[in-house]
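Along the sequence shown, residues carry numbers from 1.
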Amino acid sequence: MALKFYGGGNMKDGQATAADLLVDLLIGWGVEVVFGLPGDGINGIIEVLRQRQDRIRFVQVRHEESAALAAVGYSKFTAKLGVCLATTGPGAIHLLNGLYDAKLDQIPVLAITGLPYHDLIGTFYQQDVPTDRLFSDVALYSERIMGPAHVESVVNQAVRTALSKRGVAHLAFPNDFQDQPVTKDHPSKMSQQGHTTAEWKMPAVVPTPGDLERAAAVLNGGRKVAIVIGSGARGATAEIEKVAEILGAPVAKALLGKDVLPDESPYTTGTLGVLGTSASAEVMKAADTLLLVGTSFPYISYLPKADKVRGVQIDLNSERIALRFPVEAGLVGDARETLRLLLPLLKRNPDRSLLETARRSMREWWTVMEQRGTSQEMPMRPQAVAWELGLQLADDAILCGDSGQNTFFAARQIKIRRQQRFSCSGLLATMGSALTYAIGAQIAFPERQVIAFAGDGGLTMVLGELATCVKYKLPVKIVVLKNNVLGMIRWEQMMFMGNPEFGVELQTIDFAKVAEGFGLKAIHVERPEDLRHSIAELLSTDGPALLQAVTDPFEPIMPGQIKPEQAKNYAEALKRGEPNRERIGLTLFRDAMEDTEENREVVCEALEKGFFRDYSG
């Protein structure tokens, strides 16, 4: 594809500048939006974006971290390249958290940063940070643009690398080079102008026939086959359900795979791990064969015992094969195409007992979830907010989660339907992802319902982006669970360490008043009987709106199958001086009595031996 100049910009005496070239190359690659914040280190690029507003959109955020996270959200929900832009020094540094989110979740993002004047780099000049070296870990490709003649080749290579390897690419652009006319620089004698183009296609990668046969032999040899899927299985929903039917295999989901298979599917047992269901935990214990599809689920202890279970893995990234589980057959390829080739080789498993047991367990699980989700107790349980929201979401809604206890409730209480989308920060698990992802999603899909589901800790980190929603009239709907505590951290201190909580209480913020100050419609709810009307009002609002839901700060984290040591740690934390020991002890006991028989026995035994015996004495 030949490069086309679109005119305008910084053209000097009718000549295109290096910044013109950069932006026109992005347009040629199909980039439609750039998230960022202006600064004097990128003035040349900003001017060209001003002149190209009819072809490429610049979205100004209030913090560069948000630009990177919005680019990640945009890319996750569109499968397109996300692009973010920041000035040199602090602006570029602020991008890093969001870029690590892209790196760890394998999302294609291009970051463009400024640099000081090219002949003052390395001389302690203002904001002199060598971002090309700084970004060398987060980025698969990080290069400093050395002049106008260098722009075309490095832009094309950066974009190709981000898309091909599904990660971050970075370009650092000295600010004086941005204004330099293309004609003032010439290719070296070993190069020639126009030697690179924007031609690129994603390869259709599939395993060899021999690898497919080996994998089929392992799966056909299993009596109790379990499947775990992640975001890498996206687009293969029909094939996953066909494989599950043939093998009689329940399908557990890593968090980022929550929307790959709808929660209404008769094959899924929901999410896996601490945030997971009791049915998923039971399946992992009972399985004799495991099929992993498009997932690098990090919590290895929640997978089946490796010495007793055979395994097969499908992943487009060969580096991820056998990373978490010692599989016998690793199939490197696209999930959908690989499953299509694998299906004819599979034999119907006559043993349906694992799938039937999982279905019974899921019916029991959803009964418990509905009981908690429709609870009229006060203080209002956070499960009630998530449950009612899930009932009212549009059929094609995009739900953006944050990181914290709110993620726990979103993963469990909200039933994702077939056309709905869900994502959050996966392996990085950064707070502040809900609102920033939602901005990226709403920019990409202005007509769809987009929800940011956050806690008060995460929302506070990116509160300035409420202004972004208002500025661009983005109809993002924000649900904030307000409990004045870093809930997930509190429960991790107690459940994993046996320590009393410390440093987790938050100064109260009236998010409704704050939102109104930004110009959003704000709704406050603290009684469960008011939830239905309040959420309906939120979702029917034309522009951006925020629902502040005041919830019980002492609602605990209860894994689908709590481990005895976790229950013991809870009791130990209560004994060792937990400041809210009485209230937490009671809510733990209440949740245990509602839960599965196994959880009830484990938690009650730990509390009886620890907290209750000590408390009664």
Got a donor-acceptor contact below 3.5 angstrom from the [X] side chain to the [Y] backbone?
X: Ser433; Y: Gly401; answer: yes
X: Gln106; Y: Arg166; answer: no
X: Tyr74; Y: Val34; answer: no
X: Ser164; Y: Thr161; answer: no
X: Gln405; Y: Glu555; answer: yes
X: Glu64; Y: Ala86; answer: no
X: Ser280; Y: Thr271; answer: yes
X: Asp456; Y: Asn484; answer: yes
X: Lys477; Y: Gly543; answer: yes
X: Glu152; Y: Leu25; answer: no

Does the side chain of [Y] come within less than 4.5 Å of [X]'s, by heavy atoms?
X: Pro382; Y: Phe408; value: no
X: Asp105; Y: Val72; value: no
X: Cys469; Y: Ile439; value: yes
X: Leu171; Y: Val151; value: no
X: Asp402; Y: Met431; value: yes
X: Ile42; Y: Phe173; value: no
X: Arg417; Y: Lys415; value: no
X: Asn43; Y: Asn175; value: no

Nearest 0.5 Å please: distance from the [atom1] atom of [X] over to the [atom2] atom of [Y].
X: Glu492; Y: Gln566; atom1: CD; atom2: CD; value: 11.0 Å
X: Ile489; Y: Gln493; atom1: CD1; atom2: CD; value: 7.0 Å
X: Phe177; Y: Ile145; atom1: CZ; atom2: CD1; value: 10.0 Å
X: Ile443; Y: Phe35; atom1: CD1; atom2: CZ; value: 5.5 Å
X: Ile93; Y: Thr113; atom1: CD1; atom2: OG1; value: 10.0 Å
X: Thr460; Y: Ile509; atom1: OG1; atom2: CD1; value: 4.0 Å

Just wondering, more than 12 heavy atoms not from [X] lying within 6.0 Å of its [atom1]?
X: Glu505; atom1: CD; result: no
X: Tyr299; atom1: OH; result: no
X: Met146; atom1: CE; result: no
X: Phe445; atom1: CZ; result: yes

Do the rings of Trp491 and Tyr570 sit parallel, tilted or perpendicular, given the 30° and 60° boundaries?
-> perpendicular

Step-by-step side-chain contact (heavy atoms from CB on, under 4.5 Å) determination, Ile112 to Leu26 = CA-CA 11 Å; Ile112 302 168; Leu26 295 179; 3.9 Å; yes

Side chain to side chain donor-acceptor pair (under 3.5 Å) partners for [X], two or more places apart:
X: Ser142; answer: His170
X: Thr123; answer: none
X: Ser423; answer: Lys76

Derivation and outcome, side-chain contact (heavy atoms from CB on, under 4.5 Å), residues Leu539 and Ile451 | CA-CA 9 Å; Leu539 298 180; Ile451 312 295; 3.6 Å; yes

Determine, stepwise, if the pair Val274 / Phe496 fulfils side-chain contact (heavy atoms from CB on, under 4.5 Å).
-> CA-CA 11 Å; Val274 173; Phe496 294 148; 4.2 Å; yes

How far apart are the C-alpha atoms of Leu96 and Phe135, what are their side-chain angles, what is the distance that settles it, and do they pass the side-chain contact (heavy atoms from CB on, under 4.5 Å) test?
-> CA-CA 8 Å; Leu96 282 171; Phe135 284 42; 3.9 Å; yes

If you take all heavy atoms of [X] and [Y], which pair is closest and at what distance?
X: Tyr437; Y: Leu69; result: CD1-O, 3.5 Å
X: Val109; Y: Ala102; result: CG2-CB, 3.8 Å
X: Leu486; Y: Gly503; result: CD1-O, 4.4 Å
X: Cys84; Y: Ala67; result: CB-O, 3.8 Å
X: Val61; Y: Leu37; result: O-CD1, 2.7 Å
X: Gly464; Y: Arg62; result: O-CG, 3.3 Å

Is the closest basic N to carboxylate O distance between [X] and [Y] below 4.0 Å?
X: Asp259; Y: Arg234; value: yes
X: Arg50; Y: Glu47; value: yes
X: Asp20; Y: Arg52; value: yes

Answer with yes or no whether the side chains of [Y] and [X] bring together a donor and an acceptor at under 3.5 Å.
X: Asp137; Y: Tyr100; value: yes
X: Thr295; Y: Lys253; value: no
X: Thr430; Y: Asp101; value: no

Can you name the one residue among Lys80, Arg55, Arg57 that meets salt bridge (charged side-chain N to carboxylate O under 4.0 Å, His left out) with Glu32?
-> Lys80

